[in-house]
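Residue numbers count from 1 along this sequence.
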Amino acid sequence: MPERCLDLVEASSGRVGLILDPANFVQCGVRPADEAWPALAEHTVYLHAKDALAASGRVVPVGEGDAQWAALASALGASGWDGFVSLEPHLGLGGRGGPITTGRWVQALESARRVLEPAAPSATP
């Protein structure tokens with residue numbers, strides 16, 4: 001599936017940047033840190049912060065599924081990636097999407113911060 005994403009970039013002559021959604025890759029049987037990120041890193045400008053369970057496809061908070069978030073966060077930090085991250089919890093309706101409560105949204109935010117902050121560049125004086 002990362003190959004299909006690369007096809008889009010090539011068809012646009014590099015004028016299209018990609019959104020990396022680790023949960024969607026998990027739901028398609030692709031390991032995000034091992035397969036998707038290495039192939040798509042140089043074209044990724046946006047990151048959707050959500051996770052998914054491979055066995056069911058259910059969406060869960062970042063770091064609670066099979067999206068290899070710890071390894072992905074390390075790879076993001078090591079590469080100096082400087083893109084946008086959006087929190088995409090989709091935790092309503094039992095992880096199938098839909099409205100979520102404020103408490104679940106805050107839980108998703110805290111999970112994303114816990115996983116991503118160690119990989120963030122430190123401020124330099």
Contact summary for [X] and [Y], nearest pair of heavy atoms:
X: V115; Y: G63; value: CG2-CA, 4.1 Å
X: H43; Y: V9; value: ND1-CG1, 3.4 Å
X: A52; Y: G57; value: CB-O, 4.2 Å
X: L87; Y: A108; value: CD1-O, 3.9 Å
X: P61; Y: S111; value: CB-OG, 3.6 Å
X: A33; Y: L72; value: CB-N, 3.8 Å

Under the rule for salt bridge (charged side-chain N to carboxylate O under 4.0 Å, His left out), what residues qualify as partners of D66, not counting sequence neighbours? none
So [Y] and [X], do their side chains get closer than 4.5 Å, heavy atoms only?
X: W81; Y: L20; value: no
X: W37; Y: S79; value: yes
X: P2; Y: V30; value: yes
X: L47; Y: L76; value: yes

So if you build clusters from Ile, Leu, Val, Met, Phe, Trp, Tyr with side-chain heavy-atom gaps below 4.5 Å, do V59 and V85 land together? no
Is there a path of hydrophobic side-chain contacts, each under 4.5 Å between heavy atoms of I/L/V/M/F/W/Y residues, joining V26 to L91? no
Apart from Y46 itself, residues in the same hydrophobic cluster as defined by side-chain heavy atoms under 4.5 Å: I19, V45, F84
Working to the nearest 0.5 angstrom, can you tell me the gap between [X] [atom1] and [Y] [atom2]?
X: E3; Y: L40; atom1: CD; atom2: CG; result: 8.5 Å
X: Q27; Y: L53; atom1: CD; atom2: CG; result: 9.5 Å
X: L6; Y: L18; atom1: CG; atom2: CG; result: 7.0 Å

What residues, two or more places apart in sequence or in another chain, satisfy side-chain contact (heavy atoms from CB on, under 4.5 Å) together with [X]?
X: V16; answer: S12
X: R31; answer: D34, E35, Q68
X: R113; answer: L109, E117
X: E88; answer: H48, K50, S86, H90

Under 6.0 Å from the CG atom of D7, do we count more than 12 heavy atoms belonging to anything else shown? yes
